[in-house]
Amino acid sequence: MKYPVEEFEDEVAGKLKELLVKIDREFAENIKLEIPPSPDKGDLSFACFPLAKILKKPPQEISAEIARAVGKGEWIDRVEACGGYVNFFINVEKLCAETVRLIREMDEKYGSFESRKEKVIIEHTSANPNGPLHVGRARNPIIGDTLVRVYRFYGYNVRSQFYVDDLGKQVAILAWGLKNIDPSTLPPPSREKADHHLVRFYQRAYQMMEEDPDVEEEINEITRLCESGDEKTIEMVREAYKKALDGIKESLKRINVEFDEFVEESRFVRDGSVYKVVEELKKSKYAGSEDGAWYIDLKEFGIQGRDTRFFFTRKDGTTLYATRDIAYHIWKLNQADIVINVLGEDHKLEAKQVEIALRILGMKRLPKVVFYSFVTLPEGKLSTRRGRVIYLDDLIDEAVERAYQEVKKRRGDELDEKRLREIAEIVGIGALRYNIVKIQPEKDIVFKWEEALNFEGDSAPFVQYAHARACSILRKESAPEKITVRNLKHPSEISLAKVLSRFPNVVKISCTQNRPHLIPSYLFELASTFNQFYRDCPVLKAESEEIKKERLTLVDSVRIVLRNGLSLLGIEAPEEM
RNA sequence: GGGCGCGUGGCCUAGCCAGGAUAGGGCGCUGGCCUUCUAAGCCAGUGGUCGCGGGUUCGAAUCCCGCCGCGUCCGCCA
């Protein structure tokens, strides 16, 4: 099955190829089509400037000749030359009819593609379970979960994983604190939630560790015991972090993020796979050792810096975080065709180290990594110790509360309290996720409340509102089940149908290029186009019964695509707000 | 010092990887639109040397080189 836009593109490219293959075979093999800058210049265009050189003719002449030679087609309605460009116009009537028909037939599947056999593992979030998530790390679950949803929709068999760092110093500090600190000496928690409770032990223990080398030694001992596979200690640490992790899960669930699996780091010590990694790496010609600690010199792999050595064992032979990460990756790569990691930009070097090690170990496939830049506050970096921190839980509460005020202001006298709260939750969470995912991962974000809680313009409530408007119309009169749309002539109707037809392509590019921010960008455009249609074209009071029916169908299509798109972002589409 | 990323109107952002037709949006600000399907909306106006300087090209926000600013990393930490 192909979507209308694909059919049109194939037809245009095919006709051009047919024509150009006589002139320059290689050129004809990779024809590049562009989207014209405005609708009056068609739906696809072809630039003739490169041909001008080959043919030694002005591009204007070439475009005119091509335009004459390419006639109407199944999808091509007309072809025009404009300067050095050939502009192709799609058969609008066919596009509207086919798009609307497909959307309503496929319903929640519209925009998705046939299922692929490749398995995908997406690892994201993987935060240290020693306290609540803060906004600095909130990008990770939101980007990660969006990718999970987009990959699934595109047709992959996806498993999401949270890698639990249960051997690290962070959890060891927490475990030590829990064992040695009298809770009555701690300040009250920022809220009644396990992760907020536990982080106090972590913070105090951290302080004590910095001041007292003996404490540090005890904590290091915990780490060593865990690392060497001591079940009793691992169990003690697990007991300590489990509740913090539950708290994190609870927060994530509230923003519609859930995982298929939680993979403990200790697993790769327990099953011995990390030691196999060590043995294999030692055999490599790039390996060396110093005082009994083993490393790989990365200079040969183009890594530069003060110290290019990547240590994969300590001098006592124990392994390091990155070493275990290699074992984890081998495990993932053996089960999946595509492995994706969502990581903070601070992990760039570590990811590179892992990648090089995987290459040395002869792995055929490598993980793809989506890096995101840090969220900072206007005052500077997030710092739990300096009290400069905003917890995700607080951001969620604030977003929902703001949404509640807004919905109460508008609908307070129509809707009951329970419904107001439900809508506030949907709108608040939506705004939060949207405002984070709409920015390309690699850009820095300076956290500002007014931006994080933006409810107007390019925001989730804007998109949700368009959806609610569509639902509101359809509540009053539902769209006919079966109808062929053929009378949509108004420019606002046409442009709306055109935007609807592009959705599958947005899904495709977002997935294949790991660009989750394309989804909100598209939804904003769709909602905005719908609002213009809403202004220009009365639906319930349309000029004729026929046009009303067709507009209802169009509105229903918008409803479906907005809902499908929002669900890719883990955002609910309210029927009223 | 070196590596990697980012730098687009007062603020935020798309476009950059696969170079093309007047650089799209949003927020803000100014003015207009609720006896018609929810005004979380719509319309008009305002505002840009695409960090700076070179180069490649018929054509550069986009590719190449140099510089500047910000972020991040350069632990036998995670």
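Every chain is numbered from 1 and lettered A, B, ... according to where its sequence line falls, protein lines coming before strand lines. The figures here come from the full heavy-atom set of this structure, side chains too, leaving out hydrogens, waters and symmetry mates. All values derive from a computational prediction rather than experimental measurement.
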**Item:** Whole-Å distance separating the CG atom of A/Leu33 from the P atom of B/G19
**Value:** 14 Å
**Paired nucleotide for B/G19 [Watson-Crick or G-U wobble; both distances under 3.5 Å]** = none
**Asked** Taking the six-membered ring for Trp, is the centroid-to-centroid distance between A/Tyr286 and A/Phe301 below 6.0 Å?
**Response** yes
**Fill in**
Protein-proximity profile, nucleotides 60-71 of chain B, B/S/- by nucleotide at the 4.0 Å heavy-atom cutoff, equals -----------B
**Request:** Would you indicate which nucleotide in B/C76, B/G15, B/C73 comes nearest to any side-chain atom of A/Glu290?
**Result:** B/C76
**Message:** Partner lookup for B/G41, please. Criteria are Watson-Crick or G-U wobble with both distances under 3.5 angstrom; report none if nothing qualifies.
**Reply:** B/C33
**Request:** Could you please name the option among B/C12, B/C58, B/U38 that lies closest to any side-chain atom of A/Lys53?
**Result:** B/C58
**A/Arg309 NZ/CZ over A/Tyr295 ring centroid, <6.0 Å and within 45° of normal** = yes
**Asked** With respect to the side chain of A/Arg410, which nucleotide from B/A40, B/C17, B/A21 is positioned closest?
**Response** B/A40
**Prompt:** If you check every side-chain atom of A/Lys443, which of B/G1, B/U8, B/A78 has the closest atom?
**Reply:** B/U8
**Asked** Has the side chain of A/Asn130 got a donor or acceptor atom sitting under 3.5 Å from an opposite partner on the base of B/A78?
**Response** no
**Prompt:** According to the Watson-Crick and G-U wobble definitions, with both distances under 3.5 Å, which nucleotide is paired to B/C6?
**Reply:** B/G69
**Asked** What integer number of Å spans the P atoms of B/U62 and B/G54?
**Response** 14 Å
**Distance in angstrom units between A/Glu442 CD and B/C16 C1', rounded** = 11 Å
**Complete:** Taken to the nearest whole Å, CG/A/Leu298 to P/B/C4 is 15 Å
**Asked** What nucleotide, of B/G1, B/A78, B/G75, holds the atom closest to the side chain of A/Asp307?
**Response** B/G75
Would you tabulate the pairs of protein nitrogen or oxygen atoms and nucleotide nitrogen or oxygen atoms of nucleotides 24-35 of chain B closer than 3.5 angstrom?
residue : atom : partner  : partner atom : Å
B/G26   : O2'  : A/Asp458 : N            : 3.4

**Item:** base_contact_polar (B/C76 base, A/Arg314 side chain, donor-acceptor, <3.5 Å)
**Value:** no
**Prompt:** Among the nucleotides B/C42, B/U72, B/C6, which one has an atom lying closest to any side-chain atom of A/Arg535?
**Reply:** B/C42
**Asked** Which part of the nucleic acid, if any, lies within reach of A/Gly168 when heavy atoms closer than 4.0 Å are counted: base, sugar-phosphate only, or nothing?
**Response** sugar-phosphate
**Prompt:** In whole angstrom, what separates A/Lys352's NZ from B/G2's C1'?
**Reply:** 16 Å
**Prompt:** Could A/Glu576 and A/Arg419 be called an ion pair, given the rule that one side-chain N must be under 4.0 Å from one carboxylate O?
**Reply:** yes
**Item:** Test: A/Arg224 and A/Glu227 ion pair at under 4.0 Å
**Value:** no
**Prompt:** In the strands shown, is B/C11 matched to any nucleotide by a Watson-Crick or G-U wobble pair with both distances under 3.5 Å, and which?
**Reply:** B/G26
**Who pairs with B/C76 - Watson-Crick or G-U, where each distance is under 3.5 Å** = none
**Asked** Ring centres of A/Phe88 and A/Phe46 under 6.0 Å apart?
**Response** no
**Message:** Measuring only the C1' atom in each nucleotide, how far is B/G25 from B/C50? A whole number of Å is fine.
**Reply:** 15 Å
**Phosphate OP1/OP2 of B/C16 contacted by A/Arg515 side-chain N/O (<4.0 Å)** = yes
**Prompt:** Given B/U13, B/U22, B/A40, which nucleotide is nearest the side-chain atoms of A/Pro37?
**Reply:** B/U22
**Nucleotide nearest A/Asp291 when distance is taken to its side chain, options B/G41, B/C37, B/C76** = B/C76
**Asked** Looking at A/Glu80 and A/Lys41, does any basic side-chain N land under 4.0 Å from a carboxylate oxygen?
**Response** no
**Message:** Please pick, from B/C76, B/G3, B/C58, the nucleotide with the shortest atom-to-atom distance to any side-chain atom of A/Phe49.
**Reply:** B/C58
**Message:** Mind checking if A/Glu477 touches a base, just sugar-phosphate, or nothing, with heavy atoms under 4.0 Å?
**Reply:** nothing
**Asked** In whole angstrom, what separates A/Arg551's CZ from B/U36's P?
**Response** 18 Å
**Complete:** note: A/Gln440, atom CD; B/U8, atom P; distance rounded to Å ~ 12 Å
**Heavy atoms from other residues, nucleotides or ligands near NZ of A/Lys548 exceed 12 (cutoff 6.0 Å)** = yes
**Prompt:** At under 4.0 Å between heavy atoms, what does A/Phe455 touch on the DNA or RNA strands: base, sugar-phosphate, or nothing?
**Reply:** base
**Asked** Taking any strand in view, what nucleotide pairs with B/C50 in a Watson-Crick or G-U wobble way, both distances under 3.5 Å?
**Response** none
**Item:** Stretch residues 38-47 of chain A: residues that reach within less than 4.0 Å of RNA chain B through a heavy atom
**Value:** A/Ser38, A/Lys41, A/Ser45
**Prompt:** Which nucleotide in the set B/C12, B/U72, B/A40 lies at the smallest distance from any side-chain heavy atom of A/Asp346?
**Reply:** B/U72
